[in-house]
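Structure first, commentary second.
Start at 1 with the first residue, then count along the sequence.
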Amino acid sequence: LVDPMDEESIKSFANFKSEFIKKIGVFPKQTDGKTLISIELVKSLDTFDYLVEDPSRLVIDLYQNPNENPPIQACRLY
């Protein structure tokens with residue numbers, strides 16, 4: 001859950017394309033008025049997420065284990 005998002009941000013998330021991501025769902029007005037973002041991955045990936053302060057952002061890094069074949073490009077959502 002993240003703070004409420006404006007329509008432009010919701011559309012940006014919903015239209016995001018990557019070979020890592022099968023589907024992104026954005027569901028506004030959830031618990032406490034927050035927005036739920038659901039990310040369905042094409043396969044199991046390693047993830048790392050963190051917050052940055054200025055500007056306030058949640059960053060989610062997705063990456064494939066380098067020992068898996070075939071490798072695919074890294075992706076960052078922010």
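Between K34 and D3, the closest side-chain pair of non-hydrogen atoms falls below 4.5 Å.
Checking each of V42, L45, L62 against I21 for a side chain to side chain contact (heavy atoms under 4.5 Å, CB included) leaves exactly one that passes, namely L62.
Within 6.0 Å of atom CD in E8, 12 or fewer heavy atoms from other residues, nucleotides or ligands are found, so the atom counts as exposed in its surroundings.
Across all non-hydrogen atoms, the minimal contact from P4 to G33 is CG-O, 3.2 Å.
Linking Ile, Leu, Val, Met, Phe, Trp and Tyr residues whenever their side-chain heavy atoms come within less than 4.5 Å places Y63 and Y50 in a single cluster. If you chain together hydrophobic residues whose side chains sit under 4.5 Å apart, L36 and I60 never meet in one group.
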What side-chain donor-acceptor pairs closer than 3.5 Å can you find for residues 22-31, not counting sequence neighbours?
from	atom 1	to	atom 2	distance (Å)
Q30	NE2	P28	O	3.3

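D32 pairs by the side chain to side chain donor-acceptor pair (under 3.5 Å) definition with nothing, not counting sequence neighbours. Every side-chain contact (heavy atoms from CB on, under 4.5 Å) that N15 has, sequence neighbours left out, goes to K11. For S9, the side-chain contact (heavy atoms from CB on, under 4.5 Å) criterion is met by M5, D6, not counting sequence neighbours. Considering only residues two or more places apart in sequence or on other chains, D49 meets the salt bridge (Lys or Arg N to Asp or Glu O under 4.0 Å) condition with none of them.
The CG atom of L58 lies 7.5 Å from the CD1 atom of I37; values are rounded to the nearest 0.5 Å. Distance check, rounded to the nearest 0.5 Å: CD1 of I39 to CZ of F16 gives 8.5 Å.
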